[in-house]
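Inspection log for the structure reproduced underneath, given as structure tokens.
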Amino acid sequence: ELPATQRHNVILLWIARTFLEAWRAGHFEGGAGFENQILDKIHVCRAQYGAIGDELSGRMPLAYAHIVQVLVDVVLWMYPLMAVA
């Protein structure tokens, strides 16, 4: 039994295997460059799947968090002066 986080790899391996079998059987025309391009696209899909978790976790760049913190600090320090004026 595969963990839920690895089930997508089974589908990608099935796609790669099916493509290679069909290519070797002559269902696709093209040379070794064609095979490399298809396998590269499968690897890109796998890499993109790995990035989905980062997107869903809502991570933000450190520079953005830092500038927001600086802006909040400035507002909090300036508020007493603005309230008196």
Side-chain angles (χ1 to χ4, degrees):
E1 183 67 27
L2 285 174
T5 58
Q6 296 298 318
R7 291 182 185 161
H8 67 282
N9 285 332
V10 173
I11 301 299
L12 290 174
L13 286 174
W14 175 78
I15 290 171
R17 192 183 112 239
T18 303
F19 165 74
L20 287 175
E21 288 176 358
W23 182 64
R24 289 179 183 145
H27 298 294
F28 293 110
E29 293 182 15
F34 178 69
E35 176 188 8
N36 286 340
Q37 285 294 317
I38 296 294
L39 293 177
D40 183 53
K41 298 302 179 190
I42 292 171
H43 287 259
V44 168
C45 288
R46 184 171 183 241
Q48 290 297 320
Y49 180 82
I52 291 173
D54 293 338
E55 291 292 327
L56 293 178
S57 68
R59 296 180 185 166
M60 65 178 67
L62 183 61
Y64 176 76
H66 181 70
I67 191 68
V68 169
Q69 181 67 46
V70 168
L71 291 173
V72 169
D73 289 344
V74 167
V75 168
L76 290 175
W77 281 99
M78 295 300 289
Y79 183 75
L81 298 173
M82 298 305 288
V84 172

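Side chains included, hydrogens not; waters and symmetry mates left out as well; all remaining heavy atoms used.
The structure places CG of Leu71 at 11.0 Å from CG of Leu76, a figure rounded to the nearest 0.5 Å. One distance of note links CZ of Arg46 with CG of Asn9; it measures 4.5 Å at 0.5 Å rounding. With rounding to the nearest 0.5 Å, the separation of CD1 in Ile15 from CD1 in Ile38 is 11.0 Å. Phe19 contributes atom CZ, which lies 6.0 Å from atom CD of Glu35 (distance to the nearest 0.5 angstrom).
Evaluation of the salt bridge (charged side-chain N to carboxylate O under 4.0 Å, His left out) rule for Arg24 yields no partner, not counting sequence neighbours.
Each of Tyr79 and Val72 belongs to its own hydrophobic cluster when Ile, Leu, Val, Met, Phe, Trp and Tyr are linked at side-chain heavy-atom distances under 4.5 angstrom. Criterion: ILVMFWY side-chain heavy atoms under 4.5 Å apart, direct or through other members. Under it, Ile67 and Val75 are not part of a common hydrophobic cluster. In the hydrophobic cluster analysis, where Ile, Leu, Val, Met, Phe, Trp and Tyr join through side-chain heavy atoms closer than 4.5 angstrom, Trp14 is grouped together with Leu39.
Remark: the backbone N or O of Glu29 is not paired with any side-chain donor or acceptor of Trp23 at under 3.5 angstrom.
When all heavy atoms of Gln6 and Leu2 are compared, the pair lying nearest together is O-CD1, 4.3 Å. Shown here for Cys45 and Leu12, the closest heavy-atom pair between the two residues is CB-CD2, 4.2 Å.
Under the ring-ring contact (aromatic ring centres under 6.0 Å, His included) criterion, the residue pairs touching residues 39-60 are His8-Tyr49, with sequence neighbours excluded.
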